[in-house]
Amino acid sequence: MYRYDEFDAAFVKERTEQFRYQVERRLKGELTEDQFKPLRLMNGLYLQLHAYMLRIAVPYGTLSAKQLRMLAHIARTYDKGYGHFTTRQNIQFNWPKLKDVPDILADLATVEMHALQTSGNCIRNVTADQFAGATAEEIEDPRPLAEIIRQWSSLHPEFVFLARKFKIAVGATPHDRAALKYHDMAVEIVKNEAGETGYRVLAGGGMGRTPYIAHMMREFVKREDILAYLEAVLRVYNQDSRRDNIHKQRIKILINTIGPEEMRQRVLREFEEIRAAGTLQLPAEELARIAAYFAPPAFETLDDHSPEFEAALQDDDFADWTASNVHRHRAPGYAIATISLKPVGGVPGDCSHVQLDALADLMDRFGMTEIRVSHEQNLVLPHVRKKDLPAVFARLRELGLATANAGLVTDVICCPGLDYCDLANARSIPVAQKIAERFADLDRQHDIGELKIKISGCINACGHHHAGHIGILGVDKKGVEFYQLLLGGSGAEDASIGQIMGPGFGEHEIVDAVERVIDTYLKLRTNGERFLDTYRRVGMEPFKNMAYQEQLYAAH
Amino acid sequence: MPLIKAGTAAADPYAAVADEAPLPEGPTVVSLTRFRKDRDTLLARNTPLGVRLKSDESPEALGEDVARLSLIVLEFPKFRDGRAFSWARMLRTRLRFTGEIRATGDFLYDQLSYMTRVGFDAFEVPETITPELYRRALGEMSNVYQPSADGRKTIRELRAGK
Amino acid sequence: MLTANRLRDGDVVYWRAGNWVETFGEGDILAGKPEAEAALEAAHKFVADNVVVNPYLFEVQADGTPVKEREIIRAAGPTVRHDLGKQAHGLTPDGVLRAAAARDVVVVPDRSKERDDDVSV
Ligand code: SF4
């Protein structure tokens, strides 16, 4: 993985001191809250329902054991013993004190981490496929480019006071695990007809109150031109976006107002000028230098059949876990293992300091150098020897981290909602928990198959409800929680925006409604159809008819 | 308001003129509206001329006339409105403007280094921002990752020993 | 009632007799509109002095529990982690805890009240 050199290290250290000075001035009253707010947000610091919340960047979702231990230390020392992994591959702490935040950042800097640009109207922490470097499907590891983007976007002088936030993701596989089409801008690593590797750039995707699927900006950008192209898009956005209505200031609104063709023309003009100036051209040596940091570990030459692994499959629990949580690796004899942070009864995405430390120990014990965070709020061990899987599973089980539900109905994406979030309309975690309880039976889950439920506590859509096969949106009715159901969304390569089914459901009705929808699917599905496929074939009606059965309306 | 120019306190030779007011002698700064209206008269005067742009007015609106101006003032109506960062950069790198680019309006100490990077060289500051503080702001971050209008070496260039 | 967050540590605080307390149960119930507005006015001095941020008024019912779920949760802590927040330190009155446990109201559904997506993840 990437290692800071002296320049990166000095940068993060100085940045910590810069923020310390901002906090000092705020506490002394030299900055008002209005002035301080954008500055603290640019450093991932929110004021939430109960306390401050600090969001720490996990660039492209990659962490080392040492970094996990530091996160555990922060959870113990400055917070309340746990952290929460988010849909943007970051980790949040829910109870830090403002006066402690500079010290937290100083601790983070010692392990090459920071909280820079995890919020605010700037280019946010860049995300990537959690299977990067481990999956056989990819053209190349997307993380070197993501790291180059991270550096380019860090305190970019022109783009730290944008009209709104700007999120970038990088992908390199036909199967999209990074929700590329829902980003402000996305880079897909592709090959052109001549067989050269380059980048396809999309822009204008987003969730929130007006969800859009991203438009194609340019089919093929040459490697050396990529930063010039990204800068061109940002420049047009910064110059031309509205600033008079906060709900209309994302790039998706600009592109859909002027039209994608006009946007492409405006970008092209900037692009050609930047390219001609030459200062942002990316030399092949620089790309190679960064890529070298991401070289895969030296894989042992192993037979793809592991007797230890196959013997362990006799154990039903292990077999279940393997079926849902273990994925094919590019190297024979290796596997990718997803660690579910969605145990029945738990809070989706939460991880305790004990678990963080224990995972670091597990990594050391099995010689693993990296762990990943997924946008689905799980962790991933990208390179596990198949023969080690039974022992890894056993240890994860002791830690309460071996739930066999990755990609299944109880692997719910869920934002913090009204339990923590200042903007929430309704709680989302209890809904996720009730769904997990209702469908706890693993056989049932495996029978239902791939089903992505995504829950947001308000229209801001941090829980990606538009992109859920089943989406749930919390709304507020005179101070009481209500939930709308959306069907047919997808955040993958076949991206689509979920449709609202109709009137919402009360807190005690929503799980029944979800169950009816799923039962309807089970009745209607044909061989091999996922929930999403069935929905796309039969449409909303049959689901709607079942979900709004009379007893649900009895109270109205 | 005190003026900081090239890092030190400076006197402001320019007189700001309202759109309907008569033109005074000496260096003058006018709005884009006034400039458009009285362009020929203004350019014919043999004295330094500045134009003040609102945050939604692109310097490209000045066309070729940019080269005949000695000052462009960019407004920050709110410190969160970051368009002027792009306008300053555009003035320096696209329009090759070599005169003074001055910031006015609502901006913070914490933005001074970004502003300097994109091409501002003069700041109408509140009393609380002294030239010493300005220099402190510029010194907070020793190195930068991106090329910009200031021509500073980037970290990538430093790595390559260039 | 009148509430805010303390600047230094972010803790939720309530207005009581011209100052702030951490316990919901000790906060003043401001009976009339003039009284409430006077308190809010007075609270702005604490904003100017950098003691608290974002003071605002919220409604409570006759039994002293907040009308809105949001304020119940702020007064108690996360409903999914009873070991966290004010409830974990005995700072939440029983009535509010009961209210937190027993929200079960079914009313006519509504379109979403649209909010700004300023702080999304
Ligand atoms: S979706 Fe709404 S409730 Fe959920 S975290 Fe985002 S802003 Fe908060």
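Note on naming: letters A, B, ... go to the chains in the order of the sequence lines (proteins, then strands), and numbering restarts at 1 for each one. Note that this is a predicted model, so its numbers are computed, not measured.
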Rounded distance [0.5 Å steps], NZ in Lys97(A) versus CG in Asp11(C): 5.5 Å

Arg26(A) side-chain N/O to Arg8(C) backbone N/O, donor-acceptor pair under 3.5 Å: no

Region of Val53(C) that comes under 4.5 Å of a non-hydrogen atom in chain A: side chain

Contacting region of Arg6(C) [heavy-atom separation from chain A under 4.5 Å]: backbone

Full working for salt bridge (Lys or Arg N to Asp or Glu O under 4.0 Å) between Asp422(A) and Arg70(C): CA-CA 9 Å; Asp422(A) 188 45; Arg70(C) 171 193 163 87; 2.8 Å; yes

Over all atoms of both residues, closest heavy-atom pair of Asn5(C) and Ala51(A): ND2-N, 4.4 Å

Which of Ile429(A), Asp350(A), Leu47(A) touches chain C most, by non-hydrogen pairs under 4.5 Å: Leu47(A)

Portion of Leu418(A) that has a non-hydrogen atom of chain C nearer than 4.5 angstrom: both

Short side-chain to backbone donor-acceptor contact, Asp419(A) and Thr79(C), under 3.5 Å: yes

Nearest-0.5 Å distance that lies between atom NE2 in His50(A) and atom CZ in Arg74(C): 9.0 Å

Non-hydrogen atoms of Trp95(A) and Leu84(C) that approach each other most closely: CZ2-CB, 3.8 Å

Quiz item: cation-pi between Arg81(C) and Tyr420(A), 6.0 Å / 45°: no

Contact class of Phe36(A) relative to chain C, heavy atoms under 4.5 angstrom: neither

For Gly29(A) against Asn50(C), the heavy-atom pair lying closest together: CA-ND2, 3.0 Å

